[in-house]
Amino acid sequence: MRNLITGITGFAGGHLAAALVACGEEVSGLSRSGVWPEVWRQLVGAADLRACDGADAAAVEAVLRAVQPERIYHLAGYAQTARSFDEPEAAWAGNLGTTRALYEALQRWGGRPRILFVGSGLVYGDADAPGQSFDEGCLLRPTSPYAASKAAADLLSYQVTRAPRLDVVRARPFNHIGPAQSPEFAVASFCKQMAAVSLGHAPAVLNTGNLKPRRDFTDVRDVVRAYVLLMERGRAGEAYNVGTGRTLAMQEVVDRLIAIAGLTVEVRQREDLVRSGDAAAVRADAGKLRRETGWAPALSLDETLRDTLEFWKRQPS
């Protein structure tokens, strides 16, 4: 299969490309810079990387005509929930703008590939009651510009399955973590800090934000496996949550990471790291994904934390 990944140099995009290459698939990808970051240097020569502004429909169309993809994984977009309050225009351009450009380019090209649109579990907003899980039938009530722009792109991705009848499956991943994630995200930040302490590069202090919220964490490598299964078995027009269905408080994640690292550290909650508007709990009901594809998470949280910690130990200080 000829696969095209938008956002291929990102966190999930790089892991997806690596997984497809390992299976012998033909992989091309788009990124604005057209340059592989150091963390994905093993993909140089293994996947065809093309510089392209995903919001430029004409540029995307040119890539489609050159690559002739049979499958498109649309991962490109704006990823920063907290920052989206300060730069909503960037969030809307990155999420809805790039999605509109892709579908316009597809119509101009005239090809009929299968498309996986990757949205976000944050489109559901806040739970109405403690312990509530979100299934795909829940109302979309986004609480940030990031989530609202993802919800709009999600709805557009449904609309184009009706007219002009594109073959689009929608994925709604919840929190995914693992090696190579930006330290702008909490768990990656914790692992990076603990790696520096372990190597003697920093004092024995772990700076955190609010540790009370509960999140549904899935290893990114399990998440991209779900994407491949949805590409193969998902139904056009349907949405599928991707998550474990279990939540952990951020405090529990910190405690487990400290135990894995085998270190004694002072945990400091910093006000500047506390995000306003954080939901108390976010949990996925991924029963539909399990029933229709057979997917189940394979990696435990401890394995994810251990691998992410080791990843940061290998990075240049």
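Below, each value reflects all heavy atoms present in this structure, side chains not excepted, and no hydrogens, waters or symmetry copies.
A salt bridge is defined here as a Lys NZ or Arg NE, NH1 or NH2 lying under 4.0 Å from an Asp or Glu carboxylate O, and E104 with R100 meets this definition. Electrostatic pairing of R283 and D216 does not count as a salt bridge here, judged by no charged N lying under 4.0 Å from a carboxylate O. A salt bridge links R225 to D222: at least one charged side-chain nitrogen sits closer than 4.0 Å to a carboxylate oxygen. Remark: E232 does not engage R114 in a salt bridge, criterion side-chain N to carboxylate O under 4.0 Å. Electrostatic pairing of E303 and R306 does not count as a salt bridge here, judged by no charged N lying under 4.0 Å from a carboxylate O. Using a cutoff of 4.0 Å between basic side-chain nitrogens and carboxylate oxygens, D126 and R141 are not scored as salt-bridged. Using a 4.0 Å cut-off between charged side-chain N and carboxylate O, E61 and R65 make a salt bridge.
Note: D167 CG to I115 CD1 = 7.0 Å, rounded to the nearest 0.5 Å. Distance check, rounded to the nearest 0.5 Å: SG of C138 to CZ of R172 gives 9.5 Å. Rounding to the nearest 0.5 angstrom, the gap separating the CZ atom in R215 from the CD1 atom in I177 is 12.5 Å.
Counting only heavy atoms from C-beta outward, the side chains of K192 and Q181 never approach each other to under 4.5 Å.
With no hydrogens or angles considered, no side-chain donor-acceptor pair links Y78 and T98 at under 3.5 Å.
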